*Asks:* 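The following block contains the structure, expressed as structure tokens.
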Amino acid sequence: MATTTQLRRLWSPVCKFEKRTLTLHSGARITVNAATTDAWKAIDAIMQSFSYQPRKVDTGAYNCRKITGGSGYSLHAYGIAVDYNWNTNPYGSKLITDMPAAMVAAIKGIKTKKGLNVFRWGGDYRRNKDAMHYEVIIGPADLKAGIDWSTVPADPPNLNLASSWPVLHKGDRGPSVEKLHESLAKAGFKELDRLGTFGTKTDLAVRAYQESRKLDVDGWVGLGTWTALLNDMPKLGKDDPSPVKLETRSSVPKDRPTVRYKDESGAVQELQRRLTELHLNPGPIDGIFGSKTRAAVKEFQRAHRLAVDGIVGPKTWAELYK
């Protein structure tokens with residue numbers, strides 16, 4: 001089990017890493033370090049099995065801030081800590097929690113495929129108790145071994161679904177890029193940047209792959225490109241149609257998360273890309289749901305007689321892909 005100081009070093013740089021926003025089974029959303037995605041999915045599976053509901057109003061994760069009363073950064077600033085239901089699991093000298101003891105034990109029992117425990121619970125702190133708080137206690141190299149789902153009372157996520165992967169583009173780093181490299185190499189595109197880095201070589205490979213599969217040649221790895229890669233789509237001939245383009249332009253996955261102002265995620269990047277394709281102006285395609293993106297969403301909703309609230313839920317997603 002690494003100390004807080006060791007974890008800061010292992011997960012640096014602070015605040016600057018590939019982020020992923022997850023929608024929990026209750027509908028609450030958390031933004032975490034992308035390398036920890038499966039770990040938090042494992043916790044959510046356990047909470048769901050105990051019918052424990054993380055609330056939207058008092059559940060959160062990433063926050064680029066220093067610890068209260070100290071100089072070092074909180075582990076939340078590294079994307080490796082989540083606070084669940086802080087109103088009923090308050091920080092203080094006495095342990096107060098609404099979390100079932102068996103559920104806490106199950107979460108603490110989550111291990112990697114190499115047998116390492118993944119989480120520490122704040123309710124076990126020797127001094128002040130922090131029952132809302134769970135934090136990853138191993139470094140990215142150890143977590144890369146993967147979650148041992150036999151230690152989790154749920155099935156692992158389906159990584160063969162294109163919707164399980166974020167939109168990627170030049171400049172991205174992390175495990176999602178590693179998956180992209182693996183998929184491109186399998187398709188015969190092996191001139192790539194170093195592991196986990198989306199640079200010039202990877203960009204050229206993505207564009208070449210997209211051209212060979214009759215996808216939009218833009219260097220962005222979104223739903224269509226992921227669908228082709230994950231399903232081993234063959235190279236298309238001159239007169240062959242592109243089934244992926246037809247499929248992804250006509251429908252949107254049912255599990256596409258609701259996104260709104262101030263969210264940061266791959267889904268927001270996909271939204272911005274789609275709005276740009278529709279000749280609206282969401283601002284830069286950076287995965288940050290800012291004021292320009294909200295204005296573009298409202299313009300789209302107004303034109304399509306949807307509720308003009310700037311929130312992209314199932315109805316707006318569906319209309320975007322008609």
Side-chain angles (χ1 to χ4, degrees), residues 17-21 34-35 37-38 144 146 156-257 259 264-279 282 284-288 317 320-322:
F17 49 84
E18 182 188 356
K19 300 174 182 68
R20 187 83 179 270
T21 297
T37 297
D38 281 353
K144 190 176 178 180
N158 186 357
L159 297 181
N160 290 320
L161 291 177
S163 57
S164 295
W165 298 97
V167 177
L168 298 175
H169 61 97
K170 189 175 181 180
D172 284 339
R173 298 173 179 269
S176 297
V177 178
E178 293 178 15
K179 177 64 176 179
L180 171 63
H181 283 180
E182 176 189 320
S183 301
L184 286 170
K186 185 177 180 181
F189 296 82
K190 299 182 179 179
E191 189 66 27
L192 306 167
D193 295 292
R194 61 187 178 85
L195 189 64
T197 301
F198 196 140
T200 300
K201 291 181 179 179
T202 300
D203 180 68
L204 290 173
V206 166
R207 291 172 186 272
Y209 177 84
Q210 291 171 329
E211 184 175 8
S212 69
R213 270 68 179 177
K214 294 189 176 179
L215 301 167
D216 292 333
V217 182
D218 56 9
W220 286 76
V221 185
L223 187 61
T225 303
W226 275 122
T227 300
L229 285 166
L230 296 173
N231 288 279
D232 297 326
M233 183 180 180
K235 184 176 179 179
L236 296 176
K238 181 180 179 180
D239 298 322
D240 293 331
S242 174
V244 171
K245 289 181 73 172
L246 293 174
E247 176 184 348
T248 58
R249 285 292 181 265
S250 62
S251 63
V252 62
K254 293 180 181 180
D255 61 349
R256 177 65 66 241
V259 292
E264 297 184 27
S265 68
V268 174
Q269 284 184 323
E270 182 176 345
L271 167 66
Q272 292 167 329
R273 171 99 194 293
R274 185 63 179 142
L275 289 169
T276 300
E277 289 175 348
L278 295 172
H279 305 291
I285 303 175
D286 55 7
I288 301 172
W317 276 119
L320 280 163
Y321 280 86
K322 278 187 176 180

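These values consider heavy atoms only, across backbone and side chains, with no hydrogens, waters or symmetry-generated copies. What you see is a predicted model; the values in this text were computed from it and never measured.
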*Asks:* Looking at Val217, Thr225, Val221, which one forms a side chain to side chain contact (heavy atoms under 4.5 Å, CB included) with Tyr209?
*Replies:*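 Of the listed residues Val217, Thr225, Val221, the side chain to side chain contact (heavy atoms under 4.5 Å, CB included) partner of Tyr209 is Thr225.
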*Asks:* Look only at the side chain of Gln210 and the backbone of Gly219, and say whether a donor-acceptor pair between them is shorter than 3.5 Å.
*Replies:* yes
*Asks:* Check step by step if salt bridge (charged side-chain N to carboxylate O under 4.0 Å, His left out) holds for Arg273 and Glu270.
*Replies:* CA-CA 5 Å; Arg273 171 99 194 293; Glu270 182 176 345; over 6 Å; no
*Asks:* Give a yes or no on whether the backbone of Asp218 and the side-chain of Arg207 come within a donor-acceptor separation of less than 3.5 Å.
*Replies:*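 Indeed, once roles are kept as given, a pair shorter than 3.5 Å links the two residues.
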*Asks:* With a 4.5 Å cut-off on side-chain heavy atoms, are Leu180 and Trp226 touching?
*Replies:*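 Yes, close enough: below the 4.5 Å cut-off.
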*Asks:* Distance from Arg20 atom CZ to Asp38 atom CG, nearest 0.5 Å?
*Replies:*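 Rounded to the nearest 0.5 Å, the CZ-CG separation comes to 9.0 Å.
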*Asks:* Please report the interatomic distance CG(Asp203) to NZ(Lys201), rounded to the nearest 0.5 Å.
*Replies:*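 Here the rounded value is 13.5 Å.
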*Asks:* Quick check: do Phe17 and Lys19 have side-chain heavy atoms less than 4.5 Å from each other?
*Replies:* yes
*Asks:* Could you check if a side-chain atom of Arg274 sits within less than 4.5 angstrom of a side-chain atom of Trp317, using non-hydrogen atoms only?
*Replies:*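 Not in contact.
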*Asks:* Rounded to the nearest 0.5 Å, how far apart are CG of Leu275 and CD1 of Ile285?
*Replies:* 9.0 Å
*Asks:* For the NE2 atom of His181 and the NZ atom of Lys190, what is their distance to the nearest 0.5 Å?
*Replies:*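 One gets 14.0 Å once the value is rounded to the nearest 0.5 Å.
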*Asks:* Within the distance-only criterion (no hydrogens, no angle test), does the side chain of Lys214 pair as donor or acceptor with the backbone N or O of Gly237 below 3.5 angstrom?
*Replies:*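 Such a contact is found between Lys214 side chain and Gly237 backbone.
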*Asks:* Taking all atoms of both residues into account, what is the closest heavy-atom pair of Ser265 and Val259, and its distance?
*Replies:* OG-CG1, 4.2 Å
*Asks:* Is the backbone of Met233 close enough, under 3.5 Å, to the side chain of Arg213 for a donor and an acceptor to pair up by distance?
*Replies:* yes
*Asks:* Is a side-chain N or O of Thr21 found less than 3.5 angstrom from the main chain of Glu264, in a donor-acceptor match?
*Replies:* yes
*Asks:* Phe189 and Ser212: which non-hydrogen atoms are nearest, and at how many Å?
*Replies:* CZ-OG, 4.0 Å
*Asks:* Below 4.5 Å, heavy atoms only, C-beta onward: do Leu229 and Leu184 meet side chain to side chain?
*Replies:*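 Contact flag for Leu229/Leu184 side chains = yes.
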*Asks:* To check you understand the geometry: which heavy-atom pair defines the closest contact between Ser183 and Leu230, and what is its length?
*Replies:* OG-CD2, 4.5 Å
*Asks:* Any heavy-atom pair between the side chains of Asp193 and Val177 that's under 4.5 Å?
*Replies:*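 Val177 does not reach Asp193 side chain to side chain.
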*Asks:* Start with the C-alpha distance between Lys170 and Thr200, add both sets of side-chain angles, then the distance that settles side chain to side chain donor-acceptor pair (under 3.5 Å), and finish with yes or no.
*Replies:* CA-CA 7 Å; Lys170 189 175 181 180; Thr200 300; 3.2 Å; yes
